[in-house]
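See below for the structure under consideration.
None of the values given here were measured: they were computed from a predicted structure.
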Amino acid sequence: MFDKPQSEHHWLDQLVGDWRLQHDCTNPDGNTSRTTGTIRCRSLGGMWVICESNGESAHGDTWSSVMALGFDPRKDCFVGTFVGSMMPSIWLYEGNLDPSCKRLPLETEGPAFLGHGTCKYRDTIEIVDAEHWLFTSELRNEAGEWIRFLNGTHVRTSS
């Protein structure tokens with residue numbers, strides 16, 4: 001079985017290339033931090049985009065991560081995974097483009113930021129233009145409100 005890429009797969013191609021990143025995080029406990037680094041996104045046969053990141057936190061800690069994103073026509077949604085050197089969890093994504101086709105909200109569930117148990121998260125990729133994209137992370141609190149805790153910018157360094 002060899003499926004052909006669909007328009008949703010082509011949407012992900014906008015991420016392919018090398019990028020400089022800056023992520024600003026405000027933890028629920030009020031602490032803020034900034035991390036900088038690079039991200040290289042490549043296509044895997046036109047069906048998946050694999051994004052490999054590395055960087056350094058404001059405290060000098062190095063990190064790396066891998067995100068894989070694709071579109072599953074059987075589920076009729078984008079799917080993906082995220083793993084990082086800074087945590088033992090794998091994050092499983094599902095989401096759909098918003099009506100503007102500029103934003104891809106990806107929902108997942110993972111360990112609660114503070115305390116025990118799990119909570120819902122939403123990571124959103126927003127295409128600004130061919131040279132910039134944004135990445136935001138939110139968590140859903142007990143009242144059902146989405147609270148943003150991460151704002152990330154990505155600037156292309158090469159195609």
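The side-chain hydrogen bond (donor to acceptor under 3.5 Å, both in side chains) contacts involving residues 102-113 comprise Glu109-Thr118, Glu109-Lys120, where partners must be two or more places apart or lie in separate chains.
Taking 4.5 Å as the limit, every side-chain heavy atom of Phe82 sits out of range of all side-chain heavy atoms of Leu92. In this structure, Thr38 and Leu21 have side chains that are not in contact, with every pair of non-hydrogen atoms separated by 4.5 Å or more. When side chains are defined from C-beta on, Phe135 does not count as touching Thr124, because their heavy atoms never get closer than 4.5 Å. With contacts defined as side-chain heavy-atom distances shorter than 4.5 Å, the pair Ile147/Glu138 does not qualify. Looking at Arg40 and Cys51, their side chains never come closer than 4.5 Å, going by heavy atoms from C-beta outward. Contact check for Phe78 versus Leu97: side-chain heavy atoms found under the 4.5 Å cut-off. Leu104 is listed as a side-chain neighbour of Leu12, based on a closest heavy-atom distance under 4.5 Å. The shortest distance between side-chain heavy atoms of Leu15 and Trp133 falls below 4.5 Å.
Residue Pro5 comes nearest to Gly45 through the heavy atom pair CG-O, 4.2 Å, listed as atom of the first residue, atom of the second, then distance. Shortest non-hydrogen contact noted between Cys77 and Gly95 is CB-O, 3.4 Å. In this structure, Ser43 and Gly46 approach most closely via the heavy-atom pair OG-N, 2.9 Å.
Between Tyr121 and Phe149, the ring-plane angle classifies as perpendicular under the 30° and 60° cut-offs.
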Open item on the list: side-chain contact (heavy atoms from CB on, under 4.5 Å), that's the test. Do Val49 and Val16 meet it? Break it down for me.
Closed with: CA-CA 7 Å; Val49 170; Val16 173; 4.3 Å; yes
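Distance check, rounded to the nearest 0.5 Å: OG of Ser33 to CG of Asp24 gives 8.0 Å. Note: Leu134 CG to Asn151 CG = 8.5 Å, rounded to the nearest 0.5 Å. Rounding to the nearest 0.5 Å places SG of Cys119 at 9.5 Å from CG of Asn141. To the nearest 0.5 Å, the span separating CZ on Arg156 from CZ on Arg20 amounts to 12.5 Å.
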Could you pull out every donor-acceptor pair under 3.5 Å between side chains of residues 58-72 and any protein atom, sequence neighbours left out?
{"from": "Trp63", "atom 1": "NE1", "to": "Thr35", "atom 2": "OG1", "distance (Å)": "2.7"}
{"from": "Asp72", "atom 1": "OD1", "to": "Arg74", "atom 2": "N", "distance (Å)": "2.9"}
{"from": "Asp72", "atom 1": "OD1", "to": "Lys75", "atom 2": "N", "distance (Å)": "3.4"}

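Hydrophobic clustering keeps Ile50 apart from Tyr93 (ILVMFWY residues linked when any side-chain heavy atoms are closer than 4.5 Å, directly or through intermediates). Note on Leu106: it does not cluster hydrophobically with Met47, by side-chain heavy-atom contacts below 4.5 Å among ILVMFWY residues. By the criterion of side-chain heavy atoms lying less than 4.5 angstrom apart, applied directly or through intervening Ile, Leu, Val, Met, Phe, Trp or Tyr residues, Ile125 is not grouped with Trp48; the two fall into different hydrophobic clusters.
A cation-pi geometry, defined here as NZ or CZ lying under 6.0 Å from the six-membered ring centre and within 45° of its normal, holds between Arg122 and Trp146.
Each of Glu131, His23, His132 was compared with His154 under the side-chain hydrogen bond (donor to acceptor under 3.5 Å, both in side chains) criterion, and only His23 meets it.
Listed by chain and residue number, Asn27, Asp29 satisfy the side chain to side chain contact (heavy atoms under 4.5 Å, CB included) test with Asn31 (two or more places apart in sequence, or in another chain).
Without hydrogens or angle criteria, Trp19 side chain to Thr157 main chain gives no donor-acceptor distance under 3.5 Å. One N or O on the side chain of His9 and one on the backbone of Gln6 form a donor-acceptor pair closer than 3.5 Å.
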